[in-house]
Amino acid sequence: MAVPFFRAGGEQKISKNNEKPKRNKPKILTKYDQFIVSRLKAIPVWVREGTTDVEIARRLSIHIWTLGDYRRKYPKFAEVLERPTKW
């Protein structure tokens, strides 16, 4: 809970979280949203063709570590990259 404080003029001010209603700000697109989401349909085709993670990263123009970060951060991306087991 925000604790009100007094200004020199004696007026009371509440923290801005309680004072102003939230505005609808436009969503800032990340690089994942800009470049990867649009290609999510092509990635399963690459996986079925047998491409490695390094080749997929090159096709997406990202580093292999970034591919791993996206895999951990975005479950849908991880699902697309899953390879079928042969058992």
Side-chain angles (χ1 to χ4, degrees):
M1 184 172 145
V3 178
F5 64 92
F6 293 94
R7 292 185 174 186
E11 50 188 76
Q12 185 179 10
K13 182 181 177 187
I14 310 271
S15 70
K16 62 182 174 180
N17 291 338
N18 296 332
E19 185 175 294
K20 296 180 182 177
K22 291 185 179 180
R23 286 188 265 166
N24 292 334
K25 294 183 180 179
K27 182 180 178 185
I28 297 173
L29 294 177
T30 62
K31 288 186 178 185
Y32 174 82
D33 294 328
Q34 291 174 350
F35 303 113
I36 307 300
V37 172
S38 63
R39 302 185 78 184
L40 281 177
K41 292 182 181 179
I43 296 172
V45 175
W46 300 341
V47 171
R48 281 193 300 271
E49 290 173 354
T51 55
T52 63
D53 286 349
V54 174
E55 293 169 340
I56 291 173
R58 281 191 194 134
R59 289 182 183 186
L60 295 172
S61 302
I62 59 174
H63 195 272
I64 185 67
W65 291 358
T66 307
L67 185 82
D69 290 343
Y70 287 167
R71 183 179 290 183
R72 285 185 291 280
K73 191 172 181 181
Y74 302 102
K76 189 173 183 179
F77 185 67
E79 184 180 316
V80 168
L81 285 174
E82 283 182 6
R83 289 174 170 76
T85 58
K86 295 183 181 180
W87 301 101

Please give me the minimum heavy-atom distance between [X] and [Y], naming the atom from each residue.
| X | Y | value |
| --- | --- | --- |
| Ile56 | Arg83 | CD1-NH2, 3.9 Å |
| Leu40 | Val80 | O-CG1, 3.8 Å |
| Lys41 | Val45 | O-CG2, 4.1 Å |

- [ ] Please check if the side chain of Arg59 supplies one atom and the backbone of Trp46 the other of a donor-acceptor pair under 3.5 Å.
- [x] no

Task: Side-chain heavy-atom pair Tyr70, Ile62 within 4.5 angstrom cut-off - done: yes

Open item on the list: Any heavy-atom pair between the side chains of Thr66 and Leu60 that's under 4.5 Å?
Closed with: no

Open item on the list: Can you see whether Thr30 engages Asp33 through a side-chain donor-acceptor pair at a distance of less than 3.5 angstrom?
Closed with: yes

Open item on the list: I'd like to check the ring pair (Phe, Tyr, Trp, His ring centres under 6.0 Å) partners of Phe35; sequence neighbours left out, ordered by chain and number.
Closed with: none

Open item on the list: Grouping I, L, V, M, F, W and Y whenever their side-chain heavy atoms are under 4.5 Å apart, do Phe77 and Trp65 come out in a common cluster?
Closed with: yes

- [ ] Measure the OG1-CZ distance between Thr52 and Arg58 for me, rounded to the nearest 0.5 Å.
- [x] 7.5 Å

TODO: With rounding to the nearest 0.5 Å, note down the distance linking CG in Asp53 to CD1 in Ile64.
DONE: 5.0 Å

- [ ] Kindly check if the number of other-residue, nucleotide or ligand heavy atoms within 6.0 Å of CD (Glu55) is above 12?
- [x] yes

